[in-house]
Asks: 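Pasting a structure below so you can have a look.
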Amino acid sequence: MNLFFKLSAILIFYTNIDCFSQSSSFISGVVFDQDTDEPIAYANIGVKRKFMGTVTDSTGYFSIDLYQLSNTDTIEISRLGYGKFRISVKDLKEKGDKANVILLRQLALDMEEFLVAADPSGDTKIYGNSTLKSRFAYAFNPIKSRASGNLGREVAIEVNPGNKPVSITAVKFVLSNNQMDELILRVNLYNENSEFNGLPGERYFEKIFRVENKFMGEYVIELENYNLNISEKFWVSIEFLNYRNDNEFGIVTLPVKMPFGKMLVRNSSLGEWNKNLGSPSIQVEAKVFKEVLIK
């Protein structure tokens, strides 16, 4: 099926929904791979310095409310492995009811490569914590907020190997509350921001996964087979991508140890990172290398 027919089928389906559920301030569209004509699922869509953003669904479809935006604001669309796409709110509005088709071009991932002088030892290093219960929590969708308005929210912890090479084997996290029948979450790895020390920079690894049946407790994402060998500071985040539930106000939370520790959060897709007190229940396991890892 070519791009035209794919787009028509997707937009006809969602337009029928939008007619009953959204006001005229909403703009919808579909994000496609420019080379393969395939829709790009779970791409981030956001507005810099504004608490506003969303994520494409499994078909590449998105809808964003432009009500609080000015014509000079710029919407950015990005996905790991693709070039970023930017368009002004003015240009989107001028299209009106016309289909918004966003094409992203594939990029070669510029991941750091390492030459390993020796296999990692059996020693395991633990970063972060895996607290199962706490009086405090981080909410992916605050109690008075619709879940659909919080797609792309994420919480991160800093991991600093101290220039001692390690190989990441797993990321663990805990859900202390989950009222959704099904969740789509993403583990992200970020390098350090070259302009702002202490903040995440570019994302260089991601893994999308599904949580079903209102699962609560510890969840383990196995990463040993990805050869994630790192010696410099990086950040690991859990991101809220999508959900299935009858109730738009169902809550999903991670326990947070207080008052010690720190975490970084951004409250909208591609939003600004903010430092908060507390240590969220995210833990990274890594094997330590006996010998120095050579770049």
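Numbers for residues simply follow the sequence, beginning at 1.
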Asks: Are Lys214 and Glu182 within salt-bridge range, i.e. N to O under 4.0 Å?
Replies: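 No salt bridge links Lys214 with Glu182.
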Asks: Which residue in the set Pro280, Ser237, Pro200 passes side-chain contact (heavy atoms from CB on, under 4.5 Å) when paired with Leu264?
Replies: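 For Leu264, the side-chain contact (heavy atoms from CB on, under 4.5 Å) test succeeds with only one of Pro280, Ser237, Pro200, which is Pro200.
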Asks: Begin from the C-alpha positions of Glu232 and Asn191 and carry the test side-chain contact (heavy atoms from CB on, under 4.5 Å) through to its verdict.
Replies: CA-CA 8 Å; Glu232 298 175 347; Asn191 58 22; over 6 Å; no
Asks: Going by the salt bridge (Lys or Arg N to Asp or Glu O under 4.0 Å) test, name the single residue among Arg153, Arg203, Lys207 that passes it with Glu239.
Replies: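 Single salt bridge (Lys or Arg N to Asp or Glu O under 4.0 Å) partner of Glu239 among Arg153, Arg203, Lys207: Arg203.
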Asks: With the 4.5 Å side-chain cut-off for hydrophobic clustering, are Leu270 and Tyr204 part of the same group?
Replies: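 The answer is no; the residues belong to distinct hydrophobic clusters.
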Asks: Apply side-chain contact (heavy atoms from CB on, under 4.5 Å) to residues Lys50 and Ser268 and explain how you reach the verdict.
Replies: CA-CA 8 Å; Lys50 295 289 180 73; Ser268 61; over 6 Å; no
Asks: Hey, could you give me the CZ/OG distance between Phe26 and Ser63, rounded to the nearest 0.5 Å?
Replies: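 The distance works out to 5.5 Å.
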Asks: So, do Ile64 and Leu66 sit near enough that their side-chain heavy atoms are less than 4.5 Å apart?
Replies: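 Ile64 reaches Leu66 side chain to side chain.
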Asks: Scan side-chain atoms only and decide if Ser269 and Asn44 contain a donor-acceptor pair under the 3.5 Å cut-off.
Replies: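 Note: Ser269 and Asn44 side chains meet the donor-acceptor criterion.
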Asks: Please check if atom CG in Asp35 has more than 12 non-hydrogen atoms from other residues, nucleotides or ligands closer than 6.0 Å.
Replies: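 Count over threshold, so yes.
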Asks: Would you check if the side chain of Asn245 reaches a backbone N or O of Gln179 as a donor-acceptor pair within less than 3.5 Å?
Replies: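 Here the side-chain-to-backbone pair exists.
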Asks: Can you measure from CD (Glu272) to CG (Asn267) and round to the nearest 0.5 angstrom?
Replies: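 Atom-to-atom, Glu272:CD and Asn267:CG are 11.0 Å apart.
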Asks: Does Ile40 offer a backbone N or O that forms a donor-acceptor pair with the side chain of Arg79 under 3.5 Å?
Replies: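 Not confirmed, Arg79 side chain does not pair with Ile40 backbone.
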Asks: Same hydrophobic cluster for Phe209 and Ile168, using side-chain heavy-atom links shorter than 4.5 Å among ILVMFWY?
Replies: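 Both belong to a single hydrophobic cluster.
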Asks: Between Glu212 and Arg244, does any side-chain N to carboxylate O distance fall below 4.0 Å?
Replies: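 Judged by the 4.0 Å cut-off on N to carboxylate O distance, Glu212 and Arg244 do not form a salt bridge.
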Asks: Any heavy-atom pair between the side chains of Phe205 and Leu223 that's under 4.5 Å?
Replies: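 Answer yes - side chains close enough.
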Asks: Is there a path of hydrophobic side-chain contacts, each under 4.5 Å between heavy atoms of I/L/V/M/F/W/Y residues, joining Leu254 to Val174?
Replies: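 No; tracing contacts between hydrophobic side chains, which count when under 4.5 Å, never links both residues.
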Asks: Test your reading of the model: is there a side-chain donor-acceptor pair from Asp33 to the backbone of Asp37, 3.5 Å cut-off?
Replies: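 Checking the backbone N and O of Asp37 against the side chain of Asp33, no donor-acceptor pair under 3.5 Å is found.
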Asks: Would you confirm whether Asn141, through its side chain, and Asn150, through its main-chain N or O, come within 3.5 Å as a donor-acceptor pair?
Replies: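 Here the side-chain-to-backbone pair does not exist.
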Asks: Parallel, tilted or perpendicular, judged at 30° and 60°: which one describes the rings of Tyr219 and Phe215?
Replies: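 Judged by the thresholds at 30° and 60°, the geometry between Tyr219 and Phe215 is perpendicular.
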Asks: How close do Met263 and Leu277 get, heavy atom to heavy atom, and via which atoms?
Replies: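 For Met263 and Leu277, the tightest heavy-atom pair comes out as CE-O, 3.6 Å.
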Asks: Any idea which heavy atoms bring Pro255 and Ser134 closest together, and the distance?
Replies: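 Closest heavy-atom pair between Pro255 and Ser134: CB-CB, 4.0 Å.
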Asks: If you look at every heavy atom in Ile75 and Ile45, which pair is closest and at what distance?
Replies: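 Closest heavy-atom pair between Ile75 and Ile45: CG2-CG2, 3.7 Å.
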Asks: Could you tell me whether the side chain of Leu189 reaches within less than 4.5 Å of the side chain of Val159, counting heavy atoms only?
Replies: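 Side-chain contact under 4.5 Å: no.
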Asks: Are Ile157 and Ile126 in one and the same hydrophobic cluster, where Ile, Leu, Val, Met, Phe, Trp and Tyr link if side-chain heavy atoms are under 4.5 Å apart?
Replies: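 They do not share one cluster, since no chain of ILVMFWY contacts under 4.5 Å joins Ile157 to Ile126.
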Asks: If I take atom CD1 from residue Ile221 and atom OG1 from residue Thr169, how far apart are they, to the nearest 0.5 angstrom?
Replies: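 Here the rounded value is 12.5 Å.
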Asks: Looking only at heavy atoms, what is the nearest atom pair of Tyr42 and Val55, with distance?
Replies: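 Closest approach of Tyr42 to Val55, heavy atoms only: CA-CG1, 3.4 Å.
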Asks: Starting from the C-alpha separation in whole Å, work towards a yes-or-no answer on side-chain contact (heavy atoms from CB on, under 4.5 Å) for Ser28 and Tyr61.
Replies: CA-CA 7 Å; Ser28 302; Tyr61 172 85; 3.0 Å; yes
Asks: Atom CG in Asn177, atom CE in Met216: separation rounded to 0.5 Å?
Replies: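 If I round to the nearest 0.5 Å, the distance is 6.0 Å.
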Asks: Atom OG1 of Thr131 and atom NZ of Lys257: how far apart are they, to the nearest 0.5 Å?
Replies: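 Answer for the OG1-NZ pair, Thr131 versus Lys257, is 4.5 Å.
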Asks: So among Tyr190, Trp273, Tyr138, Trp235, which one has a side chain to side chain donor-acceptor pair (under 3.5 Å) with Glu154?
Replies: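 Considering Tyr190, Trp273, Tyr138, Trp235, a side chain to side chain donor-acceptor pair (under 3.5 Å) with Glu154 is found only for Tyr190.
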Asks: Do you know which two heavy atoms are closest between Ala170 and Val220, and how far apart they sit?
Replies: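 Between these two residues, the closest heavy atoms are CB-CG1, 4.2 Å.
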Asks: Please examine the side chains of Phe32 and Pro39, heavy atoms only from C-beta on, and report whether any two atoms are closer than 4.5 Å.
Replies: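 Side-chain contact under 4.5 Å: yes.
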Asks: Should the pair Lys287-Glu224 be classified as a salt bridge under the 4.0 Å nitrogen-to-oxygen rule?
Replies: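 A salt bridge links Lys287 with Glu224.
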Asks: Side chains of Thr74 and Val89, heavy atoms from C-beta outward: is any pair under 4.5 Å?
Replies: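 With C-beta onward as the side chain, the pair stays apart.
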Asks: Are Phe62 and Phe85 co-members of a hydrophobic cluster defined by side-chain heavy atoms under 4.5 Å apart?
Replies: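 Same cluster.
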Asks: Taking the six-membered ring for Trp, is the centroid-to-centroid distance between Phe249 and Tyr243 below 6.0 Å?
Replies: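 For Phe249 and Tyr243, the ring centres are not under 6.0 Å apart.
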Asks: Going by side-chain contact (heavy atoms from CB on, under 4.5 Å), Phe140 matches just one of Thr253, Ile238, Leu241. Which one?
Replies: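 Output: one option passes, namely Ile238.
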Asks: Taking the side chain as every heavy atom from C-beta outward, state whether Asp57 and Asn242 have any pair of such atoms under 4.5 Å apart.
Replies: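 Asp57 reaches Asn242 side chain to side chain.
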Asks: Flag the pair Ser231 / Lys164 as yes when at least one side-chain heavy-atom distance between them is below 4.5 Å, and no otherwise.
Replies: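 The answer is no; the side chains never approach within 4.5 Å.
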Asks: Could you please spell out the steps behind the side-chain contact (heavy atoms from CB on, under 4.5 Å) verdict for Asn229 and Val166?
Replies: CA-CA 6 Å; Asn229 305 321; Val166 297; over 6 Å; no
Asks: Would you say the side chain of Leu80 lies within less than 4.5 Å of the side chain of Tyr82, judging by non-hydrogen atoms?
Replies: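 Not in contact.
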Asks: If every non-hydrogen atom of Pro165 is compared with every non-hydrogen atom of Asn163, which pair is closest and at what distance?
Replies: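 Looking at all heavy atoms of both residues, the closest pair is CD-O, 3.6 Å.
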Asks: So with a 6.0 Å cut-off around CD of Gln68, is the heavy-atom count from everything else above 12?
Replies: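 Open: at most 12 neighbouring heavy atoms sit under 6.0 Å from CD of Gln68.
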Asks: Can you confirm whether the side chains of Ser148 and Glu248 place a donor and an acceptor under 3.5 Å from each other?
Replies: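 Present: a donor and an acceptor within the cut-off.
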Asks: If you round to the nearest 0.5 Å, how far is CG of Leu132 from CG of Leu175?
Replies: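 It is 11.0 Å, given to the nearest 0.5 Å.
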